[in-house]
Amino acid sequence: ARAEALRAIFAVAQRLGTRGCAVLDADVTSIVPDWIERLLGPVGADRADFVAPYYLRHRFDGALTTSVLYPFIRALYGKRLRYPVGGDFACSARLVQRLLGADPRHPDFARHGIDVWITVQALTGGCRLSQAFLGPKTQASTDDRGALSATLAAALGALFHEAERTVSVWQKVRGSEPVPVTPENGARPTRARRTRRGRSTRSDWASATCNRSGPWCSHRSPCSSSGSWRGSRTRPSGSRTPCGRGSSTISPWRITCGP
């Protein structure tokens with residue numbers, strides 16, 4: 001079970017005397033070496049005890065997180081953790097000790113609900129929080145609808161169980177506050193307009209990578225397969241595109257790669 005595996009990882013980390021440890025989901029296919037540095041950086045610099053992931057995803061992806069987990073945790077605990085149970089996270093030795101000292105007995109914690117429990121432990125334990133911008137996240141596809149139903153039931157069961165257990169904490173919360181995202185001077189999520197059939201739609205999170213060439217892009221907009229850039233209207237006309245395929249021209253809502 002995932003809970004037993006995580007407990008074994010934390011026990012080894014404590015026995016080795018590490019300053020922190022990072023956990024990555026096994027079914028994620030977009031992991032790159034930078035993820036380790038970004039997750040453990042705030043812990044190693046003694047700026048955070050719990051580092052949650054900050055992915056680059058379409059607004060319709062991750063419906064459970066977007067529609068339930070994020071607003072629920074933000075409303076109760078007053079922290080804007082965009083992906084509170086992303087599966088990829090890092091924690092300090094202090095948080096590891098707290099997690100090993102606690103005993104999650106609820107049956108939903110045996111597998112998928114354990115991530116909810118870890119996040120709530122960090123939120124209610126006075127831990128310093130941070131978010132690591134990891135870029136796009138892709139997972140191995142699965143057609144097992146039963147597994148999806150089990151994940152939904154376990155996550156929501158754990159969430160409501162923790163809300164009931166920590167009622168004395170969240171009843172004192174007023175408002176919410178942002179959680180810092182690292183790297184502060186690197187590629188970070190920004191608001192952008194997307195076009196569809198010539199009309200602007202609601203704001204989406206723009207990409208920080210060029211899907212055509214691969215490396216990080218300073219213009220924070222995705223280069224789609226058709227060669228168009230969707231992003232900020234303030235980009236200077238005639239500047240080189242990050243994918244190196246010519247100069248750019250600006251239309252009201254679209255930046256297009258020139259020849």
Side-chain angles (χ1 to χ4, degrees), residues 1-7 9-10 20-28 30-31 35 38-39 42-43 48-92 95-96 98-99 102 104 106-125 127-140 142 147-166 169-170 173 176 178-179 181 189 205:
R2 179 176 174 81
E4 296 176 355
L6 288 174
R7 192 172 186 85
I9 292 173
F10 296 150
C21 69
V23 177
L24 301 176
D25 251 349
D27 62 345
V28 177
S30 57
I31 297 175
W35 283 27
R38 294 185 178 217
L39 287 170
V43 175
D49 297 305
F50 179 72
V51 182
Y54 199 121
Y55 304 116
L56 182 65
R57 309 187 76 177
H58 190 272
R59 60 178 174 170
F60 296 135
D61 291 339
L64 176 61
T65 298
T66 302
S67 303
V68 181
L69 298 179
Y70 168 64
F72 194 96
I73 288 178
R74 174 178 174 175
L76 259 64
Y77 302 105
K79 301 294 183 182
R80 301 174 196 171
L81 285 174
R82 192 61 186 83
Y83 294 92
V85 289
D88 309 303
F89 63 91
C91 51
S92 67
L95 181 56
V96 166
R98 176 181 175 86
L99 295 174
H106 195 272
D108 288 328
F109 294 154
R111 191 175 180 184
H112 303 287
I114 191 64
D115 295 292
V116 175
W117 178 77
I118 290 174
T119 301
V120 174
Q121 286 289 325
L123 288 168
T124 59
C127 297
R128 297 164 298 174
L129 307 176
S130 181
Q131 299 179 99
F133 181 64
L134 303 181
K137 176 185 179 180
T138 57
Q139 294 177 277
T142 176
L148 180 60
S149 299
T151 301
L152 179 63
L156 294 182
L159 184 64
F160 287 111
H161 177 271
E162 286 298 283
E164 183 178 0
R165 184 184 66 83
T166 60
V169 176
W170 55 259
V173 174
S176 64
V179 177
V181 180
W205 291 106

Closest heavy-atom pair, D115 versus G87, reported as atoms and distance to 0.1 Å, is OD1-CA, 4.1 Å
Is the shortest heavy-atom distance from the side chain of L64 to the side chain of L69 under 4.5 Å? yes
Any heavy-atom pair between the side chains of L159 and V85 that's under 4.5 Å? no
Stepwise, does the side-chain contact (heavy atoms from CB on, under 4.5 Å) test hold for D25 with R2? CA-CA 10 Å; D25 251 349; R2 179 176 174 81; 3.0 Å; yes
Step-by-step side-chain contact (heavy atoms from CB on, under 4.5 Å) determination, L39 to V23: CA-CA 9 Å; L39 287 170; V23 177; over 6 Å; no
Between R38 and D88, is a salt bridge (Lys or Arg N to Asp or Glu O under 4.0 Å) present by the stated rule, with each step listed? CA-CA 11 Å; R38 294 185 178 217; D88 309 303; over 6 Å; no
Counting C-beta onward and ignoring hydrogens, is there a side-chain heavy-atom pair between I118 and F10 closer than 4.5 Å? yes
Output, in order, the C-alpha distance, side-chain angles, deciding distance and verdict of side-chain contact (heavy atoms from CB on, under 4.5 Å) for V43 and L95. CA-CA 11 Å; V43 175; L95 181 56; over 6 Å; no
Where is the tightest heavy-atom contact between L76 and W170, given as atom of each residue plus distance? O-CB, 2.9 Å
Can you name the side chain to side chain contact (heavy atoms under 4.5 Å, CB included) partners of A48, sequence neighbours left out? P42, V51, S130
Donor-acceptor contact below 3.5 Å, side chain W117 vs main chain A158: no
For the residue pair Y77 and T119, confirm or rule out a side-chain donor-acceptor distance under 3.5 Å. no
Determine whether a donor-acceptor pair (N or O, by modelled atom type, separation under 3.5 Å) exists between the side chain of R74 and the backbone of S176. no
L156 and V116, any side-chain heavy atoms less than 4.5 Å apart: no
From R98 atom CZ to C91 atom SG, the distance as rounded to the nearest 0.5 Å: 12.5 Å
Using the rule given for salt bridge (Lys or Arg N to Asp or Glu O under 4.0 Å), can you reason through E162 versus R165, listing the C-alpha separation, both sets of side-chain angles and the distance that settles it, and then say yes or no? CA-CA 5 Å; E162 286 298 283; R165 184 184 66 83; 2.6 Å; yes
Evaluate the side-chain proximity of H161 to V120: yes if any heavy-atom separation is below 4.5 Å, no if none is. no
Distance check, rounded to the nearest 0.5 Å: K137 atom NZ versus I31 atom CD1? 9.0 Å
Closest non-hydrogen contact found for L99 with R7 is O-NH1, 3.8 Å
Where does the angle between the aromatic ring planes of Y54 and Y83 fall among parallel (under 30°), tilted (30 to 60°) and perpendicular (over 60°)? perpendicular
Would L123 and T166 satisfy side-chain contact (heavy atoms from CB on, under 4.5 Å), going step by step from the backbone distance to the final call? CA-CA 10 Å; L123 288 168; T166 60; over 6 Å; no
Polar side chain donor-acceptor pair, R82 to Q131, under 3.5 angstrom: no
Non-hydrogen side-chain atoms of W35 and P53 separated by less than 4.5 Å: no
Are the ring centres of F160 and F72 closer than 6.0 Å? yes
